[in-house]
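Take a look at the structure set out below.
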Amino acid sequence: MKARLTTPGARSRLRTRLLAHYDREARDLPWRGETDPYRIWVSEVMLQQTRVETVTRYYGPWLRQFPDVESLADASEDRVLKAWEGLGYYRRARSLHRAAAVVRDRHGGVVPSDPAGLLDLPGVGAYTAGAVASIAFGVVTPAVDGNVKRVLSRLYDEPKPTPRWLEERAAELVEPRRPGDWNQALMELGATICVPRVPRCERCPVAELCAARAAGTEQDRPAAARKKPARVLRISVALLYADDRLLLHRRPSDGLLGGMWAFPEGDVDEVAGRVGARLVGDVTALDEVRHRFTHIDATYLPAASRVDSTPTPPDDHRWVALRDVEGLALPVAQQRILGQWTSSRESEGA
DNA sequence: AAATCGGGGTG
DNA sequence: CACCCAGATTT
């Protein structure tokens with residue numbers, strides 16, 4: 001009963017029906033029909049763990065700033081991170097930046113067309129290599145993302161599909177004449193019909209071929225992974241200012257929010273000591289800012305104080321004129337902290 | 001195999 | 001609130 005798609009005939013019917021549905025119903029997305037490998041690559045990296053609707057807001061502006069591999073490779077990391085600001089998983093931006101330099105220096109500026117060459121690039125894993133190779137170059141290779149995992153888990157009624165199993169099933173299903181469209185059709189099905197909680201089987205073009213549908217187990221496929229509770233963190237941050245300049249800190253490349261700018265962590269006197277400035281006047285405690293990352297429940301405790309001078313700080317710190325702060329790449333939580341300070345100053349001046 | 005790494009949309 | 005998204009990388 002589980003084995004509905006084990007025969008070539010059944011797989012052929014699946015391809016025909018799903019591609020027909022895709023040709024009829026596919027959403028009109030900014031990168032649909034795109035043929036430039038660089039642009040397809042950019043869209044796939046942005047789409048990693050990120051909704052289509054979110055990526056749509058970043059894709060166009062990114063291409064205006066970095067229209068090709070060379071312009072991206074030549075850009076500063078600050079510009080690249082600024083263009084990525086708010087998208088999250090900032091290592092993706094840093095990896096894409098590095099990869100552009102690799103393509104320029106080792107591939108003559110031409111994006112590799114084979115999955116192996118793509119896999120060598122920073123930030124390109126099995127999914128992205130398969131997606132770019134199939135969509136941009138017509139290579140007959142699968143692309144297994146979260147959607148495809150769910151769709152295959154249901155089609156075969158497999159509760160706990162392993163990466164190996166998924167690659168094998170996906171590989172034997174690829175439509176050899178239209179591999180890119182096929183992979184996108186499978187993902188589109190998962191995104192619009194074969195959705196996580198309550199799938200819309202009544203609208204599914206391949207429901208008759210679905211083993212989970214036949215068994216009534218579609219809502220339990222794939223089996224839910226156990227979740228670990230988020231770490232709870234309380235983080236003191238210091239807003240030190242003199243005249244119209246604010247002290248900011250560039251976070252280390254590795255780890256959380258790597259390479260992004262942020263207010264220095266620690267109490268105001270401690271941070272002032274770190275940069276060799278002296279506090280002047282009262283310390284203002286600002287409202288807490290709670291920010292939940294996927295795995296961290298952070299509460300920022302911001303405090304602001306004027307300082308008497310802006311001595312040359314350590315390399316990873318910078319005194320930034322207020323009007324220049326918006327030019328730096330700040331994580332969402334830091335923007336909210338800045339907003340607290342700004343509003344507290346306004347209410348004081350009023 | 002499990003942890004790390006953002007942010008936001010959705011029921 | 002929980003869940004999870006066109007995942008990659010490290011441990």
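Keep in mind that the numbers below use all heavy atoms, side chains included, and drop hydrogens, waters and symmetry copies. Here is how names work: the chains are called A, B, and so on, in the same order as the sequence lines, proteins then strands, and each is numbered from 1.
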### Between Y156(A) and W165(A), ring centroids under 6.0 Å
yes
#### Entry: Protein-to-nucleotide contact annotation, 5' to 3' order, nucleotides 4-11 of chain C [B base; S sugar-phosphate only; - none; under 4.0 Å, heavy atom]
BBBBBS--
### Task
Identify, between F293(A) and T162(A), the residue whose nearest nucleotide on DNA chain B lies closer to the 5' end.
T162(A)
### Message
Using atom P in both nucleotides, what's the gap between dG8(B) and dA8(C) to the nearest angstrom?
### Response
22 Å
### Query
Do W41(A) and D36(A) meet the criterion of a side-chain donor-acceptor pair at a distance under 3.5 Å?
no
### Task
Just call it for L87(A): base, sugar-phosphate, or nothing, with non-hydrogen atoms closer than 4.0 Å on any strand.
base
### Message
One thing to verify: whether R17(A) and E208(A) come together as a salt bridge, which I'm taking to mean a side-chain N less than 4.0 angstrom from a carboxylate O.
### Response
yes
### Query
Are side-chain N/O atoms of T128(A) and Q48(A) paired as donor and acceptor at under 3.5 Å?
yes
### Query
Given the C1' atoms of dC5(C) and dG6(B), what is the spacing between them in whole Å?
12 Å
### Modelled atom types, side-chain donor and acceptor of R94(A) and S253(A), under 3.5 Å
yes
### Message
Using a heavy-atom cut-off of 4.0 Å across all strands, would you classify G258(A) as base, sugar-phosphate, or nothing?
### Response
nothing
### Query
By side-chain contact (heavy atoms from CB on, under 4.5 Å), which residues pair with D74(A), not counting sequence neighbours?
E70(A), R104(A)
### Query
Which whole number of Å gives the distance between the C1' atom of dC1(C) and that of dC5(B)?
22 Å
### Query
Taking the inter-plane angle between the rings of H249(A) and H317(A) on a 0 to 90° scale, is it parallel (under 30°), tilted (30 to 60°) or perpendicular (over 60°)?
tilted
#### Entry: Nucleotides bounding contact with chain A, strand DNA chain B, heavy-atom threshold 4.0 Å
dA2(B) to dG9(B)
### Message
Categorize R231(A) for me: base, sugar-phosphate, or nothing, with a 4.0 angstrom heavy-atom threshold over every strand shown.
### Response
sugar-phosphate
### Query
Hey, is E85(A) close enough to K82(A) for a salt bridge, meaning N to O under 4.0 Å?
yes
### Task
May I ask you to decide if the ring planes of W62(A) and W84(A) are parallel, tilted or perpendicular, using 30° and 60° as cut-offs?
perpendicular
### Query
Taking atom P of dA2(C) as reference, at what distance in whole Å does atom NE2 of H295(A) sit?
16 Å
